[in-house]
There are 2 protein chains.
Amino acid sequence: MGPLDGYLPYLLNRAGSRIATAFSEEVRPLGATLQTWRVLAALHERDGRRMGDLSETTSIEVSTLTRLVDGMEKKGLVSRRRDAADARAVTLHATPAGRRLTQRLLPIAERYETVALAGFNAVEAKAVKAALRRLYANIDALEKPHRLRG
Amino acid sequence: MGPLDGYLPYLLNRAGSRIATAFSEEVRPLGATLQTWRVLAALHERDGRRMGDLSETTSIEVSTLTRLVDGMEKKGLVSRRRDAADARAVTLHATPAGRRLTQRLLPIAERYETVALAGFNAVEAKAVKAALRRLYANIDALEKPHRLRG
DNA sequence: CGCCATTATTTGCATTTACAAATAACAGCG
DNA sequence: CGCTGTTATTTGTAAATGCAAATAATGGCG
């Protein structure tokens with residue numbers, strides 16, 4: 001066990017990468033990717049989100065998201081709509097086909113949650129999640145100042 | 001707080017992405033990227049690693065790593081050597097310039113560790129890291145069986 | 001020794017990604 | 001109402017990525 005094993009960003013990336021790769025492999029036969037799942041999951045949580053909102057939620061850069069959504073639209077999984085209130089914005093909506101795919105992906109996602117947390121009791125699981133939220137908030141706070149200048 | 005906020009892989013990815021993006025931005029002025037840092041950090045831990053070993057430790061896919069190392073070699077940060085014991089393998093070594101860059105990146109990396117764990121006491125910090133190792137091991141165990149067939 | 005299955009790395013190639021610039025529409029103010 | 005600065009999204013373009021195939025070398029076994 002070297003220094004890397006004690007370095008938090010390393011451990012974070014390692015765990016995240018591993019789960020991402022495994023999940024990707026698993027959903028490929030369904031014609032899905034990790035990124036499409038992220039978008040579908042975000043829309044499952046709340047449909048009709050804006051691109052920027054989706055980018056924030058999924059951690060997918062907006063220009064990347066644009067082209068990802070292009071593909072998903074072509075596949076008939078989602079549809080874009082010009083926001084009625086603000087014509088600059090675009091809202092994204094899952095189509096019936098998109099919702100069907102989501103339903104097929106949900107149990108796989110649930111299984112990954114279970115597998116990842118194998119051996120964790122309820123208290124420990126809750127603690128990890130709380131810690132991950134704190135880590136995120138800490139880094140987020142580091143970035144935010146940039147946006148508040150002026 | 002929707003369902004996503006309770007989904008571990010989501011929290012993991014969100015925290016990891018955020019820290020990765022922030023770190024990347026920060027090291028760009030030094031002519032470095034997150035990926036080059038990962039390679040340099042792995043070599044700092046132990047020099048002369050094989051490509052496959054590096055791929056495993058950095059979570060960078062081997063074919064991606066090959067090309068990343070091409071670029072690092074061109075920049076004079078690392079050098080490849082054919083492994084004396086096994087001519088199939090290539091070992092990678094940090095050059096003086098590579099080590100100098102590593103020395104400049106180390107304090108930045110340390111700072112990220114500190115910032116990410118702001119508000120965590122020593123016990124909590126240790127617990128998060130242990131949890132991340134367990135998560136990784138759990139997913140790893142899910143994958144391993146594939147390699148043991150035959 | 002020579003063959004064969006296995007392992008380590010690289011290469012081919014199509015896709016994904018991200019930064020920066022461009023476009024489109026808003027909001028406030030003269 | 002027509003500027004002006006800001007916000008939301010897309011597009012241009014070059015680089016990074018990952019799967020699969022190719023290459024190179026090993027080890028075991030007849």
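We name chains A, B, ... by the order of the sequence lines, and we start the count at 1 in each one.
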Donor-acceptor pair under 3.5 Å: do we get one between A/R88's side chain and the base of D/dT9?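 Donor-acceptor pair under 3.5 Å: no.
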Between D/dG18 and A/R28, counting only base atoms on the nucleotide and side-chain atoms on the residue, is there a donor-acceptor pair under 3.5 Å?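 When only heavy-atom distances are counted, A/R28 does not reach the base of D/dG18 through any donor-acceptor pair under 3.5 Å.
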Between [options], spot the one nearest the side chain of [X], thanks.
{"X": "A/R67", "options": "D/dT9, C/dT17, D/dG18", "value": "C/dT17"}
{"X": "B/A89", "options": "D/dT26, C/dA20, C/dA8", "value": "C/dA8"}
{"X": "B/S63", "options": "C/dT9, D/dT10, C/dT11", "value": "C/dT11"}
{"X": "A/T66", "options": "D/dT10, C/dA25, C/dT10", "value": "D/dT10"}

Minimum heavy-atom distance B/Y112-A/I139, with the two atoms named: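 Answer, listing the atom of B/Y112 first, then A/I139: CD2-CD1, 4.5 Å.
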Rounded distance (Å) that lies between atom C1' of C/dA18 and atom CD1 of A/I60: 13 Å
Measure CZ/B/R50 against C1'/D/dA25 and give the value in whole Å, please.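 Distance, rounded to whole Å: 11 Å.
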Give a yes or no on whether the backbone of A/A41 and the side-chain of B/Y10 come within a donor-acceptor separation of less than 3.5 Å.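 Such a contact is absent between B/Y10 side chain and A/A41 backbone.
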Pair A/Q35-A/R38, side-chain donor/acceptor within less than 3.5 Å: yes
Using a cut-off of strictly less than 4.0 Å, decide whether [X] has a side-chain nitrogen or oxygen near OP1 or OP2 of [N].
{"X": "B/T64", "N": "D/dT17", "value": "no"}
{"X": "B/R80", "N": "C/dT10", "value": "yes"}
{"X": "A/Q35", "N": "C/dT15", "value": "no"}

Salt bridge flag under 4.0 Å for residues A/K129 and A/E113: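 The answer is yes: the pair qualifies as a salt bridge.
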